[in-house]
Every structure is written in C-alpha cells, then in structure tokens.
Protein chains: 2
Amino acid sequence: MLESTRVTVSTREQLLRSAARLFREQGFHGTSVAEIASAAGITKSSLYHHFASKQALLGEILEDTVSRATPAVEAIAAADLPAAERLREAARCHVVELIHDQDKVACFVEEGRYLAPELREVFVAKRDRYEQSFRRILADGVRSGELRPVSVGLASLAVLGMCNSVVHWYQSSGPLSVETVAEEFADLAVKSLLREQPSGGAEPGGRSLVGSSASGTVPA
Amino acid sequence: MLESTRVTVSTREQLLRSAARLFREQGFHGTSVAEIASAAGITKSSLYHHFASKQALLGEILEDTVSRATPAVEAIAAADLPAAERLREAARCHVVELIHDQDKVACFVEEGRYLAPELREVFVAKRDRYEQSFRRILADGVRSGELRPVSVGLASLAVLGMCNSVVHWYQSSGPLSVETVAEEFADLAVKSLLREQPSGGAEPGGRSLVGSSASGTVPA
DNA sequence: AGTAGCCGACCGAACGGTCGGACGGTTTTC
DNA sequence: GAAAACCGTCCGACCGTTCGGTCGGCTACT
C-alpha cells in the first residue's frame with residue numbers, strides 16, 4: 001500500500017486549501033494564481049505543475065465538496081425513518097459538513113457559478129442531485145401528511161438557503177459550537193414544515209439557547 | 001419645477017443599473033469598467049465623469065438598496081402588532097423588495113464584502129441596522145412568549161439567510177409570482193418560530209401551493 | 001537516466017484609471 | 001444681437017500594473 005496517512009499534507013492538497021480559503025475571502029476573480037501559490041509556499045510556476053488552470057483548481061474544490069457531502073445526505077434521505085426526522089438529520093448533517101470544511105463549501109455555494117461553461121454543467125448537475133435528497137424527504141413528508149402541504153421545490157430552496165447562509169457568518173473562533181448551530185437550524189427547518197406541534201406544552205427544561213442577541217457578529 | 005419624471009433614465013442611473021446587473025452576473029472583480037460603460041452605451045472614459053471609481057459605483061448601488069429597504073422594515077418592526085404578524089410582514093416585505101430590485105440587492109448580499117475598507121465599515125453598519133429590525137421583532141416575540149425561546153441572533157440570521165437565498169434562484173420570467181414566494185417564505189419563517197400552532201386541526205381548504213417539484217429551476 | 005517538483009524570466013492581454021481635448025447648449029459680456 | 005466664456009458630457013489615446021499562463025532549466029530522489 002503506497003503511502004499511508006501523512007503528517008504533512010501534500011502540496012497539492014495544500015494548494016486546494018489555500019485556494020479555497022482565498023476564493024472564499026476575496027472571490028474567485030479577486031484572487032490571483034500567484035497569491036494561491038504563495039499561500040501554499042510555492043511559486044506560480046510550480047502551481048501549474050499540479051493544476052492545469054485556475055479553473056481546474058476551482059473545479060476540484062467543488063468536486064471534493066460534493067463527493068464528500070452527497071453520500072451522507074443520500075443515505076439519510078433513504079433511511080427508514082419519518083420524514084421529519086430525516087429532514088432534521090439531513091439539515092444537521094448539511095450544516096455540520098458545511099462548517100467542517102467551510103472554505104471549500106463556501107466556494108461551492110458562492111463561487112461555483114464562475115466555473116467555465118463545460119465544467120459548470122457538471123457542477124450544476126451534481127448540485128441538483130444533492131438538493132434532490134432534500135426534495136425527496138420533503139415530498140415524502142407532504143405525501144404522508146407528516147409535513148404541511150407546501151410547495152416542495154420552494155420549501156427545499158428555503159431550507160437549503162437558510163442552512164447555506166451559515167457559511168457567511170459562522171466563525172469557529174466564536175462562542176457557538178458546530179452542534180449548537182446545526183441543531184438549532186435543523187430545528188427551525190423541521191418546525192417550519194411540521195404539520196402539528198408534537199405536543200401542546202412541555203419540552204420541560206429543554207436547553208433553550210435563550211437570549212444573547214449579538215451571537216453571530218458578522219464579519220466582512 | 002425643473003424636469004418632471006423622465007421617460008429616459010439619466011445616464012448615471014443607467015450606469016448603476018448596468019453595473020448592478022453585471023456585478024450580479026459576473027461578480028464585482030469579474031466585471032470590467034469598460035463592460036459597464038459599454039452596457040450603458042458610453043465609453044469607459046465617460047463613466048469616470050459620473051463616478052470616481054469602480055468602488056464608488058458599487059458603494060452607490062449598496063446605498064440605494066439600503067436606503068430604500070430600511071425605512072420599510074423599521075416601520076413594520078415598530079408597528080403595534082403581535083410579533084408574529086410583524087415577522088410575517090417584515091419577511092414578506094424583505095422578499096418583495098429583494099425581487100423588485102434583484103440586481104442591486106444581489107450586489108448588497110453578495111458583493112458588499114468587496115467594498116474597500118473605509119466604505120465597508122459604513123456598509124456593515126447599515127446592514128446591521130437593517131438586521132436589527134428583525135432581531136427586535138424576534139426579541140419581542142420571545143419575551144412575550146409568542147415565539148419559541150430560541151436564540152434571537154441565530155434565528156434572525158436564519159430567517160434572513162432563508163429570505164436572501166431567493167436572489168440566487170428567482171427569475172421573474174418563471175412561473176412563480178413575487179407574492180407567492182414572499183408569502184410562502186414569510187409563512188415558513190413564522191411557523192418555524194411560533195410557539196404553538198394556531199389551532200389543532202383545520203385551516204380548511206387553504207390555497208396550498210401543493211406539489212410541483214421543479215418549480216425554481218436554478219440557473220448559474 | 002528518469003522523473004516529480006520546483007523556479008526565474010518572460011509573454012500578450014486585460015485591467016483600473018488619467019488626460020487633453022471635442023462637441024453642443026446655455027450664460028455672460030460688450 | 002453677436003461674440004466670448006462657460007459647462008456638462010463624452011471620447012480616443014494612453015499609462016503603469018497585474019493578470020493567467022508558458023517555457024527552459026535546475027535540483028533531488030529513485
């Protein structure tokens with residue numbers, strides 16, 4: 001078996017990470033190839049030994065993201081659980097994954113549209129397939145009566161839009177843990193679509209995350 | 001009274017509109033000043049007669065947006081109504097305004113971060129003030145018990161993130177009317193935060209917007 | 001000897017921005 | 001009332017810089 005897990009990441013992966021971070025901070029067009037190379041500790045010429053073009057760099061970032069995230073939500077969507085629970089789990093998974101690799105996912109959400117036409121077709125198809133899992137869950141829930149009879153297309157765009165917005169303001173150095181945000185957002189998604197509240201009253205002492213207005217102090 | 005309403009918009013406004021459209025489509029850094037000028041029917045040199053820099057162009061687009069949208073939601077936030085109704089109205093207003101001037105608002109949401117540091121401070125402050133209206137409504141609702149005891153900061157980011165995502169996929173040429181989207185999204189926002197469903201059962205025949213999966217076929 | 005990785009030097013094109021002046025319509029001056 | 005001064009608007013030509021990308025060659029490991 002050639003090469004087990006390394007301590008130092010490969011130059012190639014380092015380039016991808018630097019590119020993702022810079023694309024996220026400055027945008028695809030606002031970032032120069034020389035900057036990316038410099039952030040990875042090499043020169044622009046050397047970068048072109050690893051990647052054919054700036055476009056290829058972006059393409060691979062998106063590919064990484066989608067190939068890691070899609071299987072997880074597809075498994076959740078196919079699970080033998082009530083739609084509401086699948087929705088909660090999918091939204092939670094989505095947010096966790098998004099924060100875990102925030103730079104790359106931010107590129108997926110924000111910079112994917114700058115892909116050259118040929119690569120963009122592939123990208124859009126894969127993104128659609130990802131979103132399909134959410135539509136499937138919602139459609140199941142509406143059909144079974146578990147969820148309110150909303151427009152499935154509209155509602156899944158709403159849920160994904162809500163969850164995706166996390167990339168804009170979340171900072172791991174802040175006071176909020178990944179799990180806190182993920183569960184709260186999943187909860188909002190489920191409750192916005194549930195047909196009826198589970199019970200009239202209790203959820204007795206529930207850890208409630210009350211107050212604290214200025215939690216997510218937004219940068220940029 | 002010098003000059004009543006014109007039939008042809010001023011060159012200046014034409015430049016702002018062209019810039020907003022191109023910034024939205026290609027990003028701030030992906031759009032050249034010459035492109036903007038050309039789209040407005042003049043040359044790059046002439047553009048610099050109306051605006052001091054590319055940055056100033058972006059700054060004015062954001063200023064236009066915030067100065068039009070803020071008073072509306074602040075009035076709603078200050079109205080003498082239950083928090084849930086104010087939330088519904090604010091979200092509805094937000095989405096309507098967003099679609100009405102989609103190009104400029106998209107710049108506000110996506111390209112604002114590319115403002116030069118000095119202008120960006122002002123921009124962030126005004127955006128915060130806008131968001132403050134939503135936090136105020138949510139805080140009122142939580143305090144009065146009308147809404148669930150969620151984190152106000154987190155929930156308002158969620159609501160705004162959900163609503164803002166509309167700029168990414170809505171197209172006025174599509175099958176969905178502005179009002180349909182606005183009301184549906186406002187409904188999702190309210191229901192995700194309401195403490196209890198208004199009644200156990202009915203909402204009898206309610207126009208339900210059912211089905212139709214592939215409603216918002218996403219471009220880009 | 002081969003090759004993976006890296007680099008300095010370079011290329012043409014495009015960038016944001018400047019400059020001096022042309023054009024036409026008003027206002028001022030004699 | 002004609003001439004002169006003015007002004008908003010526009011343009012072509014140009015500036016220095018930076019861009020994405022290429023190329024030939026150097027090094028080090030196998």
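Every chain is numbered from 1 and lettered A, B, ... according to where its sequence line falls, protein lines coming before strand lines.
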Quick test: give all pairs of protein nitrogen or oxygen and nucleotides 2-6 of chain C nitrogen or oxygen below 3.5 Å, distance rounded to 0.1 Å.
{"unit_1": "dG5(C)", "atom_1": "OP2", "unit_2": "H49(A)", "atom_2": "NE2", "d": "3.4"}
{"unit_1": "dC6(C)", "atom_1": "OP1", "unit_2": "T11(A)", "atom_2": "OG1", "d": "3.3"}
{"unit_1": "dC6(C)", "atom_1": "OP2", "unit_2": "H50(A)", "atom_2": "NE2", "d": "2.6"}

Next item on the list: Identify, residue by residue, the members of residues 14-26 of chain A with a heavy atom below 4.0 Å from DNA chain C, and return them in order of residue number, or none.
Entry: none
Checklist line | R136(A) and E131(A): CA distance, side-chain angles, deciding distance, salt bridge (Lys or Arg N to Asp or Glu O under 4.0 Å) verdict | finding: CA-CA 9 Å; R136(A) 175 178 168 185; E131(A) 297 177 358; over 6 Å; no
Notebook entry, point to check: Quick one: does S18(B)'s side chain have a donor or acceptor within less than 3.5 Å of a partner on Q14(B)'s backbone?
Noted result: yes
Next item on the list: Write down the distance between NE2 (H29(A)) and C1' (dC15(C)), rounded to a whole number of angstrom.
Entry: 13 Å
Note to self: Using a 4.0 Å cut-off to any heavy atom of chain A, which nucleotides of DNA chain D are the first and last in contact, reading 5' to 3'?
What the structure shows: dC19(D) to dC23(D)
Next item on the list: Evaluate the ring planes of W169(A) and F185(A), with Trp represented by its six-membered ring, and classify them as parallel (under 30°), tilted (30 to 60°) or perpendicular (over 60°).
Entry: tilted
Margin query: Could you work out, with side chain to side chain contact (heavy atoms under 4.5 Å, CB included) as the rule, every residue matching A75(A), not counting sequence neighbours?
Written below: none
Without placing hydrogens or testing angles, list every side-chain donor-acceptor pair under 3.5 Å for residues 41-49 of chain A, not counting sequence neighbours.
{"unit_1": "T43(A)", "atom_1": "OG1", "unit_2": "S46(A)", "atom_2": "OG", "d": "3.3"}

Notebook entry, point to check: What residues, two or more places apart in sequence or in another chain, satisfy side-chain hydrogen bond (donor to acceptor under 3.5 Å, both in side chains) together with E74(B)?
Noted result: R129(B)
Note to self: Show every salt bridge (Lys or Arg N to Asp or Glu O under 4.0 Å) that has at least one partner inside residues 13-26 of chain B, sequence neighbours left out.
What the structure shows: E13(B)-R17(B), E13(B)-K104(B), R21(B)-E25(B), R24(B)-D103(B)
Check: Partners of H50(B) by ring-ring contact (aromatic ring centres under 6.0 Å, His included), sequence neighbours excluded?
Finding: none
Margin query: Restricting to side-chain hydrogen bond (donor to acceptor under 3.5 Å, both in side chains), what partner residues turn up for K126(B), sequence neighbours left out?
Written below: E63(B)
Item checked: Results of side-chain hydrogen bond (donor to acceptor under 3.5 Å, both in side chains) for Q102(A) - residues two or more places apart only -> none
Notebook entry, point to check: Do H29(A) and E111(A) have side-chain heavy atoms sitting under 4.5 Å apart?
Noted result: no
Note to self: Please report whether the ring centroid of F108(B) lies less than 6.0 Å from that of F123(B).
What the structure shows: yes
Note to self: Below 4.0 angstrom, which residues in residues 51-62 of chain B have at least one non-hydrogen atom near DNA chain D?
What the structure shows: none
Next item on the list: Apply ring-ring contact (aromatic ring centres under 6.0 Å, His included) to F51(B) and list each qualifying residue two or more places apart in sequence or on a separate chain.
Entry: none
Note to self: On DNA chain D, does the nearest nucleotide to S32(A) precede the nearest nucleotide to K44(B) from the 5' side, or the other way round? Give the residue.
What the structure shows: K44(B)
